[in-house]
Amino acid sequence: MTRRPLIAGNWKMNGLAADGTALASTLAGKMKGGSDHPFNMLVCPPFPLIGKVVDAVAGSGIAVGGQDCHMAEKGAHTGDTSAWILKDAGCDYVIVGHSERRTDHAETDETVKAKAEAALAAGLRVIVCIGETLQQREAGQTLEVNRSQFQGSLPDGATPENTVIAYEPVWAIGTGLTATPGQAQDVHAAIRAEIKGKLGDAAAEGMRVLYGGSMNPGNARELIGQPDIDGGLIGGAALKADDFWGIAESC
Ligand code: PEP
């Protein structure tokens with residue numbers, strides 16, 4: 001099975017309405033300007049911009065996602081957003097377990113799994129993020145940490161259609177440091193082996209595993225060219241249309 005690369009932009013807490021709609025419209029124009037693009041594209045704006053971005057990319061094939069969701073369907077959770085609300089707003093995807101959520105909000109694998117299961121129940125696709133810190137890498141714990149986060153965070157009911165894994169070494173996020181293609185491939189291959197052990201051959205063959213961590217148009221081609229890297233989850237470079245599109249073109 002050929003896995004179609006996913007180029008996903010995580011805008012984090014950046015952009016006012018004018019910036020977000022301009023960025024989304026530019027990408028939509030580029031997308032509509034060609035046909036048979038060999039990738040899927042996703043943008044994940046801050047929550048209040050989702051409606052405007054959904055309108056801006058309508059008809060382009062670009063999907064829109066949230067950056068997080070609550071594990072409950074509704075209720076007294078001030079400041080949170082449910083997967084069902086994201087779906088209703090026009091989202092197709094949601095990111096869960098980003099290292100900034102794990103750090104800033106003390107999210108555990110158990111929390112991430114519950115959020116991912118809420119996302120699937122709401123009919124969203126989910127991007128589950130995992131990755132080691134620099135300290136863990138230097139202690140030789142990279143594969144063990146990623147295996148354990150994968151096992152703890154994967155939602156029940158995960159399939160290649162509804163779940164994407166994002167390997168994001170924490171030390172490479174927003175730092176300008178990138179895993180070498182070889183370092184990234186080693187971890188991606190180990191994650192694929194975990195998928196195979198847990199979900200079987202077909203799931204391992206079909207489930208996309210993205211790389212994230214200072215990906216840019218200069219390093220994307222070699223990273224995405226690795227056999228087990230199926231696209232990117234991109235932060236900083238997703239805020240500039242030319243850079244984000246340049247990464248997509250490297251597919
Ligand atoms: C991210 O936030 O998921 C990310 C990979 O950020 P950056 O590309 O800026 O390192």
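As the structure lists them, so they are numbered: ligands from 1, and atoms in each ligand from 1.
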**Item:** Residues Arg192 and Asp230 bridged, charged N to O under 4.0 Å
**Value:** yes
**Item:** Shortest protein contact, atom 9 (O) of ligand 1 (heavy atom only)
**Value:** Gly236 N, 2.8 Å
**Request:** Examine the side chains of Gln151 and Glu194 and answer whether a donor and an acceptor come within less than 3.5 Å of each other.
**Result:** yes
**Prompt:** How about Gln185 and Asp228: does a side-chain donor come under 3.5 Å of a side-chain acceptor?
**Reply:** yes
**Fill in**
For Leu233, the ligand 1 atoms with a heavy-atom partner under 4.0 Å come out as 3 (O), 5 (C)
**Message:** Students should be able to answer this: which protein heavy-atom is nearest to atom 8 (O) of ligand 1, and at what distance?
**Reply:** Gly235 N, 2.8 Å
**Request:** Check whether the side chains of Gln135 and Trp171 place a donor and an acceptor atom closer than 3.5 Å, and report yes or no.
**Result:** no
**Message:** Below 4.0 Å, non-hydrogen atoms only: which portion of Ala166 touches ligand 1? Side chain, backbone, both or neither.
**Reply:** neither
**Prompt:** Against heavy atoms of Ser214, which atoms of ligand 1 measure under 4.0 Å?
**Reply:** 7 (P), 8 (O), 10 (O)
**For ligand 1, the portion of Asn10 having any non-hydrogen atom under 4.0 Å away** = side chain
**Asked** Quick one: which ligand 1 atoms are inside 4.0 Å of a heavy atom on His98?
**Response** 1 (C), 2 (O), 3 (O)
**Message:** Taking distance alone, with N or O pairs closer than 3.5 Å, would you say Thr175 contacts ligand 1?
**Reply:** no
**Complete:** Among non-hydrogen protein atoms, atom 5 (C) of ligand 1 lies closest to Glu168 OE2, 3.1 Å
**Message:** If I apply the N/O under 3.5 Å rule, does Gly213 come out as touching ligand 1?
**Reply:** no
